[in-house]
Amino acid sequence: MPAPDQAGLAARLLEFGEELRSEGVAVGTSELLDGFAVLSEISWEDPADFREALAATLAKSQEDRRVFELVFERFFFRAAEMAAVREGVREEGGIDPDEVNAELDMETLRQLIAQALHDGDEGRMRDLARLAIAAFGRQGEGSGVIGVDVQRIRRQLGLRSEPQPDLPPEDPRHEGLPRDEIRRFEQILRRELERAQIERTEQLPPARPLNELDRALPSGPLQDLAAVHRVVAQLKRRLKTQGQEARGRKRRAHVDMRKTMRASLEYGGVPLNVKLKPVRPRRPEIFVLCDVSTSVTSASVFFLSVMHALHDSFRKMRSFVFIERISEVTEVFAKERDFRAVSEAIGRDAGVADISGYTDYGRVWREFRDQVEDELHPRATVIVLGDARTNGRDPAAPIFGSITAKAGRTFWLNPEPRLYWNYGDSVIAAYEQYCEAYECWTTRQLEDFVRALTKPLVTGG
Amino acid sequence: MLAEPASVQEVADGLQSVGYLPGESTALVAYLAARLGKPILVEGPAGVGKTELAKALSRYLDRTLIRLQCYEGLDEAKALYEWNYRKQLLAIQATEKTDWDATKGDIFGEEFLLERPLMSAIASPDPVVLLIDEIDKTDQEFEAMLLEVLSEFQISIPELGRVEARTQPIVLLTSNNTRELTEALKRRCLYLWLDYPELDHELAIVKLHSPEISDTLGRRLVEIVSMVRGLDLKKPPSIAESIDWARALLLLGADDIDQQTFNDTMSIIVKHRTDLDIVVERVGAKLGGPLGAGA
């Protein structure tokens with residue numbers, strides 16, 4: 001590899017940083033400076049070192065790391081190909097397809113590839129990928145669409161992760177091939193196909209920004225999970241400090257006379273060491289109730305992501321989902337960190353007792369009260385996520401009122417536009433007299449809700 | 001005292017020689033940290049050897065390890081320094097000076113300073129390895145306080161002035177990812193994500209710690225451990241636990257892990273009542289041996 005001149009590399013690296021930024025990784029100038037610093041410490045001969053060193057300075061979380069990998073692949077692959085096109089360089093070396101093809105039949109190729117996958121030998125896989133592509137090219141089966149071709153080739157090669165017991169036991173396919181290696185081989189195939197295409201057309205396909213699927217971010221149909229998390233982090237800070245400005249003089253520390261006197265004995269009764277009463281930071285306790293009935297299906301992903309984010313921020317929190325009755329899901333959130341796993345677990349075994357599939361708020365309040373009555377106190381916050389559609393059943397507002405009276409604050413987040421409130425079977429008005437209701441179906445509205453929290457208020461009840 | 005490492009390979013070999021088998025990027029990032037004097041932020045699930053990495057680094061570089069265990073409510077007095085007021089008091093009484101200015105100058109000297117981990121790491125005359133363990137357990141305010149230490153390697157004490165590092169410490173921060181750390185902190189660190197090692201790597205680690213274990217038994221063991229990690233458990237088995245398990249199996253003289261052995265010894269790798277049930281059901285049943293021996 002010829003040593004690239006510094007100015008060229010610097011420009012490349014800046015472009016790379018720019019590209020990362022455009023995909024939402026927070027790369028600052030200091031990160032880029034660090035990037036330059038590490039590159040002067042390692043040799044560039046080893047692609048793995050080069051990549052790891054850059055990743056250690058530019059991608060500062062697992063999420064970022066994933067995006068980094070994708071952008072890195074794309075960026076440097078394109079950069080190399082661009083240079084190749086400009087200089088008119090073509091791939092050489094390795095196995096020459098035309099030479100070997102004559103005596104290489106399909107079955108041998110299958111076996112060779114299976115063996116390479118079994119051993120995890122990447123160089124060999126690359127050569128074999130080229131061979132496979134050449135073999136298929138001769139059959140005239142190329143569709144021109146890379147993704148389709150990759151799948152076609154894979155199918156023809158019979159690469160499967162399941163064991164194939166009818167093959168002889170010494171064949172690596174007998175036990176099934178490692179899934180990761182198959183995926184890696186697919187990647188190599190894709191890249192070789194892309195390279196072939198670029199060589200053919202002598203130009204690069206247009207750069208395509210990563211879409212959400214590429215990043216594999218757990219995102220709901222409504223909102224980005226990360227955005228919800230940011231807002232909830234704000235919510236946490238607000239809840240922590242809320243009400244302290246109202247308390248005013250209480251914020252000053254108080255002298256603990258007993259302790260001060262006792263400490264003074266050490267110095268002959270001179271209160272040298274003034275002991276203060278500890279200021280106990282407010283530790284919010286949160287109870288969340290989330291409606292998961294069919295009428296709020298579209299919003300429930302959003303709601304679950306809000307709950308997920310809340311669990312991330314608050315230690316003392318209990319959450320419940322309800323349709324006709326309530327069931328506690330605190331455990332599920334405590335056990336699982338991954339959002340998708342959480343929502344699956346809730347869908348699967350949260351065990352929402354549900355006979356009719358219609359929300360019964362009256363029953364929900366009664367059950368909720370029975371379960372948590374002893375734990376409600378003025379420092380607790382209750383958040384209800386639901387549309388307040390009772391399906392014509394008794395809303396049992398007084399019971400809800402008694403809950404709000406015990407809790408410090410109660411909020412209702414309604415996923416319906418305010419326009420629809422109190423139409424049809426929506427009885428939000430009955431509940432609104434006991435709590436603050438907000439319309440909330442986007443992260444922006446969630447932010448509004450958080451902002452509203454800071455306003456001084458008279459605690460309801 | 002060793003000189004600075006000169007290449008990534010040297011770090012990898014050095015770590016291995018003290019009983020820590022670094023992954024691909026671990027040695028590289030450790031090397032970069034030593035060369036650039038940047039802190040490393042190590043994240044990953046519990047039990048993948050984050051803390052062990054710091055210990056191994058200190059052994060390999062022959063530096064003292066200074067450890068600051070973080071917890072909720074950790075404050076400056078516990079992490080940085082504190083004035084030894086008892087001693088100050090004694091000093092005032094002993095000298096009986098009437099001149100306040102002179103006294104003030106005397107009692108706020110280094111002699112009356114109680115060094116806490118961060119302070120001792122900075123003030124140490126020999127280079128050290130500083131481990132700030134489980135940084136995610138502290139509050140954001142504490143993180144903010146760390147910034148000065150981590151980027152400038154200095155501590156400002158109002159009465160005394162600045163204490164600057166005489167040598168470049170290697171700093172490791174570990175986090176179990178229970179909360180998002182601030183951008184400002186991340187910006188100052190190199191990032192290293194440690195995950196459970198791949199089969200071969202873990203096998204190598206197990207063999208490094210109990211060399212007597214046979215290849216087949218070792219492979220079987222790491223395969224089962226990785227299978228157990230794949231389940232939805234409260235606490236997946238850590239690397240240390242695989243090593244313990246290997247030792248236990250050696251002690252028992254087992255040459256293969258069948259269902260019976262597994263059920264007898266799995267309490268070494270699985271430590272939750274509910275997890276035990278899941279593991280017996282999902283993994284125990286897959287292993288050979290007499291049926292119905294499980295729960």
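Every chain is numbered from 1, with letters handed out A, B, ... down the list of sequences.
For the pair Y267(A)/L89(B), a side-chain contact is recorded, criterion being any heavy-atom separation below 4.5 Å from C-beta on.
Only the side chain of K38(B) comes within contact range of chain A, with heavy atoms under 4.5 Å apart. Using a 4.5 Å cut-off between heavy atoms, L36(B) contacts chain A through its side chain alone, with no backbone atom that close. With a threshold of 4.5 angstrom between heavy atoms, L272(A) approaches chain B through side-chain atoms but not through N, CA, C or O. When heavy atoms are compared at a cutoff of 4.5 Å, S61(A) approaches chain B by way of both its backbone and its side chain. N273(A) touches chain B through its side chain: at least one heavy atom from C-beta onward sits under 4.5 Å away, while N, CA, C and O do not.
In this structure, CD on E41(A) lies 5.0 Å from OH on Y31(B), to the nearest 0.5 angstrom. With rounding to the nearest 0.5 angstrom, the OG atom of S43(A) is 11.0 Å from the CD atom of Q9(B). The structure places CG of L28(B) at 12.5 Å from CZ of R51(A), a figure rounded to the nearest 0.5 Å. Distance check: I42(A) CD1 to S7(B) OG gives 12.0 Å after rounding to the nearest 0.5 Å. The structure places CG of D34(A) at 7.0 Å from CG of L190(B), a figure rounded to the nearest 0.5 Å.
Surrounding CD of E148(B) are more than 12 heavy atoms belonging to other residues, nucleotides or ligands, all under 6.0 Å away. Remark: E223(B) CD is packed, more than 12 non-hydrogen atoms of other residues, nucleotides or ligands lying under 6.0 Å away. Other residues, nucleotides and ligands place no more than 12 heavy atoms under 6.0 Å from the CE atom of M261(A). Remark: K271(B) NZ is packed, more than 12 non-hydrogen atoms of other residues, nucleotides or ligands lying under 6.0 Å away.
Taking A26(A), A55(A), A48(A), S30(A) one by one and counting their heavy-atom pairs under 4.5 Å with chain B, the maximum is reached by S30(A). For the set C189(B), A27(B), G44(B), the count of heavy-atom pairs under 4.5 angstrom toward chain A peaks at C189(B). Per-residue heavy-atom pair counts under 4.5 Å with chain B were compared for D49(A), L58(A), D64(A), D46(A), and the maximum is reached by D49(A).
Side chain of K60(A) to backbone of K186(B): a donor-acceptor contact under 3.5 angstrom is found.
Ionic pairing of R86(B) and E266(A) is present here: one or more N-O contacts between side-chain nitrogen and carboxylate oxygen are shorter than 4.0 angstrom.
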